[in-house]
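Okay, structure first, notes after.
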Amino acid sequence: MSQNYTAFYQEAQEFLGERIYKDYLRRVVYGIDASCYRYIPELVVKVRHESEVMRLCALAKKHNTPLTFRAAGSSLSGQACGSGVLVMANLGWQEIKPQNAGQSVRLGCGVIGAQANNALKPYQRKIGPDPATIATAMVGGILGNNASGMCCGVAQNSYKTLKSIRVVLADGALLDTSKKESVESFRQSHAQLLEGLLTLRQEVLADHQLHALIEKKYKIKNTTGYSLNALIDFDDPIEILSHLFIGSEGTLGFISSCELHCVPDLPYKACFLLFYESLTEGLKGVQILAQNADKISAAELMDGACLASMQGVEGMPSVLNEVKSGYACILAQLEATDLNTLEANRAFVLEKLQAIPTILPLAQSTDPNTYNAWWKIRKGLFPIVAGRRRTGTSVITEDLCFDMEHLQEGIAKLQELLDKHGFKEHSVIFGHALSGNLHFLITPLLENPKERAQFSALMEDLAHMVASLQGSIKAEHGTGRMVAPFVELEWGTKAYDLCKRIKALFDPDHLLNPDVILSNDPQIHTKNLKESVPIAPELEPCMECGFCERICPSRYLSLTPRQRIGLQREIAYLSKRAAQGLATDRALLEELLEGYKYLSDETCAACHMCSTLCPLGIDSASIALKTRTKEKAPFLAKEILKHMDTTVGALKAGLGVVQMGQVALGAHLIHKCSQKLHAKLGTPVVSNYMPRKNNYKLNSKPATKNVLYFSTCINRAFAPSKLMPDQRSLQEVFESLCKKAGFGVLYPPELPKFCCGKAFIDYKDLSAQNTQKNAQLLKDLSDNGAIPIVLDHSACSAYLIEQLENAGLQIYDMPIFIQEHLLEHLKIEPLEENIALYTMCAAKRLGYSENMRHLAQACVRGEIVEHIDTGCCGFAGNKGFLTPELNDHALLDFADFYRDKNLKKGFCSSSTCEVGLSQHSKIPFQHIAYLVDLCSDE
């Protein structure tokens, strides 16, 4: 690290503390984004306040160190990575405040687009931009790229829906355009900057040819260069400045927050899939839809290669299996305020489309579950196709835009260029057809000099082709590094000079995201490209899109799934080089391996939730599970499993000791003392809500109809904390429910020694033996599956259900059994209060979220409050006690979320998760069986 960066680090550490990183591991993995570029920053910073960004800007100027601002890192053109100081802004930037009944919304730069839309649902509104990455992309990036997407076209993109913005400039100045005092102060302190913008505006207005060019360029999607339309759209320099920030990709300053005008989210939608013999025929259908755009909200065009990649994907219509090479498809969506209008529009559009014959039967639906599945595939098309690429190849995507007059010629020439440069067999074409916006994806083997040269030549020819048709080389993905060398080609010398002067006004030292949007290097788009290094086959398809990150419980603590996979690649890369005798790489490898254990293994909850968001179902938990398998001592595990009754007894004894300590000294003091001991010795942390020892005697209570109750080992040991409203054991509560519903409860004699086996998944042979033993035991006791079997901890239930899915047994997680078998026999008197509800990760993966809501809705008349952004609480069995920081970071905003919601009770289905949920929300969480028993009569 150079002297400049060393000095920067030392001074920044004074106010950032542990949130500035210089270790190689985090510099490598935090520098990963979804683009095809690989840049390793010198330093990485996590900022939480504007004051920190302001101080960083001052340090950057003082030490001449470039800054790159990063939100979600889902950008595709290389604008979210850099070799200087990477400034990450996500945690702490998550303000969401709907204004005026959802007419507008104030958003922090770290808010994910989908989170904003969830907050606006009660008002039937949404934000205008709707990129395919809306479930991942954050507001800072959505504005920084002038994101548009599927439905918004150019009328509802970030630029058009901006109401106000709050930014930090390169000189550290803060401007909030929603506050009069901030604007007036800025007008005085930055008069020269504002005068410079007005001068540029006057020059454009005086040059009729340039004015006409700018006006025309923004009638279609265009993110090449700066938002020059701001110079002709506004006469107030504050508005010009605000809108220049849209699409500026962090090169003019830092976007802290904004207020966006919202657009209607119409309640009734219909979608249909139209299949054509070729892209040419499909484009004819697009033209008809464009002529009736008042009735269509979106139309996505996909070529035959796209359709082939979707075959076999769950949720897709069976008609896809009939698709042949060369076919094309349009996925169209209509929206309306009422069903009659929707139906009339649907019939009208389909009648018009009859002029262009389709090749396969029409697929259509008004069912959200069906058409959302179609959209899910379209939105995941990029990673799906990338995941099926040739081994060792990189993923490069481009997006272009043409007006309707040139769209057919543009797509024909694009196909010619892909063929000319050798990418016809390794490419797909898709896009937002109503906007004339095309995306294509290629997967070159960049280690091959021929394919690298083909990629470079393709980009050159592509830029010239698009410019010749007066299109946009970058429509919505942002200029980034990918198109920086071609900005002048597209815009011409005069407009390009405007871009350079805008950059000079805002960032005269060129310290903000250098080489992005503007670059003096004509080959910057072909440099520092990712080269694929073979890793484990199950991880190899990952193209680092980042879709998985928002659900990971360790995302704010250590690494995300994308970063853990990236770390595997870097280890493989350095291992290869170290084997060649390169001492520097061997040292870096050793550094990675040293940090690996905690960052990649110990802080992974192995909840598998990342696989639920990955379009390819990649499960990064396999990384940690493999590591743990290698490190475990099988003899000790075998003895524990063999003597499970003794193990549970020992756990009860420990809980008894803790209970006595809490009685004598108070739960809060014990909690604080345990935290200090954990920090020094690694001993378990004792929560204020620590369960008590379970002394309830498990005796069978048979009836005419019976259920085989395999109470899990953890719940045989745990009884509710003294802070819980109901201190009965879970077994006693379930017995009560069964009695009310006319069911008997059978406890197997073998129960004290029984374990589902989840705790032993790291021991392959031992786990297999235990599963085999359990299968035979459960068959015998359930009369070959005739008697239903219930487990009372969702993680254990999920494990056993997955292990024995083909054993012919009726195995239930307790909430599901209650809902499907007991509820109809119970007299429910719903509670007149609001409750909190949490579906733990294993239950989510089994699709039980709706079941939990249904059960809760049957039992309360008040609001059911769910923190839907938490996919996994991070308690992860014993990790909540041994690695409590994982649970702390997974539930960072729980206290704020539940504050002032008038909640006295929370419900879940995992006694371990409930400890952490209670600790962080300050609401007692218990198994949902307690709720059902509470509101059901004898």
Side-chain angles (χ1 to χ4, degrees), residues 634 636-655 691 693-702 706-719 729-735 738 743-817 842-843 846 877-878 909-912 927 929:
L636 179 59
K638 186 176 181 179
E639 290 302 305
I640 290 173
L641 180 59
K642 182 179 179 180
H643 303 287
M644 185 53 67
D645 51 346
T646 305
T647 303
V648 172
L651 180 55
K652 285 186 178 183
L655 290 170
K693 179 174 67 171
N694 188 349
N695 291 316
Y696 187 70
K697 302 297 183 184
L698 305 184
N699 296 316
S700 294
K701 298 172 179 62
N706 292 307
V707 56
L708 199 59
Y709 183 11
F710 269 79
S711 184
T712 56
C713 50
I714 197 74
N715 284 325
R716 299 200 297 270
F718 282 4
S729 73
L730 181 54
Q731 294 86 355
E732 188 175 357
V733 172
F734 184 64
E735 287 177 13
C738 287
F743 274 78
V745 176
L746 306 178
Y747 291 104
E750 298 85 352
L751 185 58
K753 291 184 175 293
F754 175 83
C755 177
C756 70
K758 181 173 175 57
F760 301 93
I761 57 175
D762 296 337
Y763 312 92
K764 188 175 181 180
D765 293 340
L766 188 62
S767 179
Q769 293 169 13
N770 187 63
T771 298
Q772 186 176 10
K773 182 191 75 173
N774 286 341
Q776 189 58 53
L777 176 64
L778 294 174
K779 279 185 178 181
D780 293 343
L781 293 171
S782 68
D783 191 17
N784 282 320
I787 303 173
I789 302 160
V790 170
L791 282 81
D792 55 18
H793 190 290
S794 287
C796 300
S797 306
Y799 178 79
L800 202 62
I801 289 170
E802 289 169 348
Q803 292 296 306
L804 302 180
E805 62 177 339
N806 297 318
L809 300 170
Q810 301 181 64
I811 304 176
Y812 292 90
D813 189 24
M814 184 177 283
I816 308 304
F817 182 79
L846 286 181
N878 63 2
S909 59
S910 161
S911 50
T912 45
H927 196 286

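All values below were derived from every heavy atom in this structure, side-chain atoms included, with hydrogens, water molecules and symmetry-related copies excluded.
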query = For residues Ser711 and Tyr696, is any side-chain donor paired with an opposing acceptor at under 3.5 Å?
reply = no

Report, one line per pair, each donor and acceptor closer than 3.5 Å where one atom sits in a side chain of residues 779-787; sequence neighbours left out.
residue : atom : partner : partner atom : Å
Asp780  : OD1  : Gln776  : NE2          : 3.0
Ser782  : OG   : Leu778  : O            : 2.6
Ser782  : OG   : Gly785  : N            : 2.9

To the nearest 0.5 Å, atom CG of Leu777 lies from atom CD1 of Ile789 at 9.0 Å

For Lys652 and Lys693 the tightest heavy-atom approach is O-CD, 3.3 Å

For Ser797 and Asp813 the tightest heavy-atom approach is OG-OD1, 2.8 Å

Across all chains, not counting sequence neighbours, the ring pair (Phe, Tyr, Trp, His ring centres under 6.0 Å) partners of Tyr709 are Phe734, Tyr747

Residue set satisfying side-chain contact (heavy atoms from CB on, under 4.5 Å) with Asn806, at least two apart, ordered chain then number -> none

Rounding to 0.5 Å, atoms CG (Leu708) and CG (Leu751) come to a distance of 9.0 Å

Worked check of side chain to side chain contact (heavy atoms under 4.5 Å, CB included) between Thr647 and Cys713:
CA-CA 9 Å; Thr647 303; Cys713 50; over 6 Å; no

Within-4.5 Å side-chain heavy-atom neighbours: Ile714 and Asp792
no

Rounded to the nearest 0.5 Å, the CG atom of Leu791 sits from the OG atom of Ser909 at a distance of 12.0 Å

Could you verify whether a donor N or O on one side chain and an acceptor N or O on the other, from His793 and Ser910, lie under 3.5 Å apart? yes

Rounding to 0.5 Å, atoms OG1 (Thr712) and CE (Met814) come to a distance of 8.5 Å

Tightest non-hydrogen contact, residues Leu804 and Ala775, listed as CD2-CB, 3.7 Å

Closest heavy-atom pair, Cys756 versus Leu800, reported as atoms and distance to 0.1 Å, is O-CD1, 3.9 Å

Rounded to the nearest 0.5 angstrom, the CD-OG1 distance for Gln803 and Thr771 is 4.5 Å

Sorted by chain and number, sequence neighbours left out, salt bridge (Lys or Arg N to Asp or Glu O under 4.0 Å) with Glu802 holds for Arg845

Here the pair of heavy atoms bringing Cys755 nearest to Asn774 is O-ND2, 3.0 Å

In short, salt bridge (Lys or Arg N to Asp or Glu O under 4.0 Å) pairs touching residues 749-758 with sequence neighbours left out are Asp645-Lys753

Could you check whether any side-chain N or O of Asn694 sits under 3.5 Å from a backbone N or O of Ser729, counting only pairs where one atom can act as donor and the other as acceptor? no

Kindly say whether Leu698 contributes a backbone atom to a donor-acceptor pair with the side chain of Arg716 at under 3.5 angstrom? no

Taking Gln731 for the side chain and Asn715 for the main chain, is one N or O donor matched with an acceptor at less than 3.5 Å? yes

Those residues at least two apart in sequence (or on a different chain) that pass ring pair (Phe, Tyr, Trp, His ring centres under 6.0 Å) with Phe817 are Phe743, Tyr812, His821

Value for CD1 (Ile811) from CD1 (Ile801), rounded to nearest 0.5 Å, stands at 6.5 Å

Using the side chain to side chain contact (heavy atoms under 4.5 Å, CB included) rule, take Phe718 and Leu730 through it: C-alpha gap first, then chi angles, then the decisive distance, then the call. CA-CA 9 Å; Phe718 282 4; Leu730 181 54; over 6 Å; no

